[in-house]
Amino acid sequence: HRDLHSFPTRRSSDLENALKGKEDQLDREKEAVDRANDAAIAKQKEVADKKKEVASITEKSFADVLTEKKNKQLKAEMLQTNKSQLQKKQNLLTVAQDKLTKENDPAKQQKLRDDVKDADAQSKVADDEVKETEKKIATAQSKIDQTIAKGDSDIAGAQAEQKTLESQATDLVNAHTAAVAAHATTKGKIPEFQAAVSSAKQVVQRSTDAKGRAIIAKDAAVKALDDAKAAHKTAAEDQAAMMAALDGRMDRLSASPSGT
């Protein structure tokens, strides 16, 4: 009886535990897929934002350079004007000097000397303005060069950051793809485990049914044995009673005279 009740059923429970483990793994992998997807989307947004930043930096750099070039152009035009004025002043000075050499009237000579002096002063002022404008143009060119260098540096730095983000985004997309593949593999094994559990349960059920029938048969055999023992006891008791009755009769016959 003990052997019948100790029939092994562990395989079914082991498979059920394995199935539960696979289902839990499936849930964890689904969460991993979601996390990887969210991370990839967030990183791709960072890449998009960085591309906009690169475009903005590039646009600003070009705008700054253009502004500085316009400033230089204005100064160049101013320089041209100043040079033109300087030439006019020099021409006036030359004319005044020529007139002075040809004039014999002392009064007029003094007037021409004053004119020459005034023209010479104006010529020097114009020459100083030309030199100052040339310095401003050189400064403007230096600023243009600095603006271009800074713009190139800013663009290169932003592009490097963009490249890093793109690489990170690629890694996250690959991680998401791997997580999806792992999830699909686990999901594909679930029906196999479910079928194995179902099959094991059927085997266990058949074994349980067979065990039940065996127990019933054993109980019936035990009862039949008990009935046989009881019948044997009854028969033995009946036989003993018959033997006792026979012995009593024989005793009576032996005690009667002449055997009557």
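Count residues from 1 along the sequence.
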- Among E161, E166, Q159, Q162, whose side chain to side chain donor-acceptor pair (under 3.5 Å) with K50 holds? E161

- Message: Within the 4.5 Å heavy-atom criterion, are R213 and D209 side-chain neighbours or not?
- Response: yes

- Message: Less than 4.5 Å apart, side chain to side chain, heavy atoms only: is that true for K89 and L93?
- Response: no

- Is a side-chain donor or acceptor of N37 paired with a backbone partner of V33 at a separation under 3.5 angstrom? no

- Item | Verdict with supporting geometry, D128 and K124, salt bridge (charged side-chain N to carboxylate O under 4.0 Å, His left out) | CA-CA 6 Å; D128 290 341; K124 289 180 178 179; over 6 Å; no

- Message: side chain to side chain contact (heavy atoms under 4.5 Å, CB included) for Q146 and K150? Distances and angles first, verdict last.
- Response: CA-CA 6 Å; Q146 291 174 1; K150 183 178 184 304; over 6 Å; no

- Below 4.0 angstrom, N of the basic side chain to O of the carboxylate: do K43 and E46 qualify? yes

- Query: Rounded to the nearest 0.5 Å, how far apart are NE2 of H183 and OG1 of T185?
  - Reply: 10.5 Å

- Message: Test your reading of the model: is there a side-chain donor-acceptor pair from S56 to the backbone of K52, 3.5 Å cut-off?
- Response: no

- Query: Counting only N and O atoms by type, is there a donor-acceptor contact under 3.5 Å from the side chain of S84 to the main-chain atoms of Q80?
  - Reply: no

- Query: Is there a chain of hydrophobic side chains (I, L, V, M, F, W, Y, each step under 4.5 Å between heavy atoms) that links I137 to L86?
  - Reply: yes

- Indicate yes or no for a side-chain donor-acceptor contact from T186 to the backbone of A182 under 3.5 Å, with no hydrogens or angles considered. yes

- Message: I'd like to know if D49 and K45 make a salt bridge, using a cut-off of under 4.0 Å between side-chain N and carboxylate O.
- Response: yes

- Main-chain N/O of V173 paired with T177 side-chain donor or acceptor, under 3.5 Å: yes

- To the nearest 0.5 Å, tell me how far D118 CG sits from S123 OG. 11.0 Å

- Message: Looking at S142 and A138, would you say the former's side chain and the latter's main chain have a donor-acceptor pair under 3.5 Å?
- Response: no

- Message: Any side-chain to backbone donor/acceptor pair from S153 onto A149? Under 3.5 Å, distance only.
- Response: no

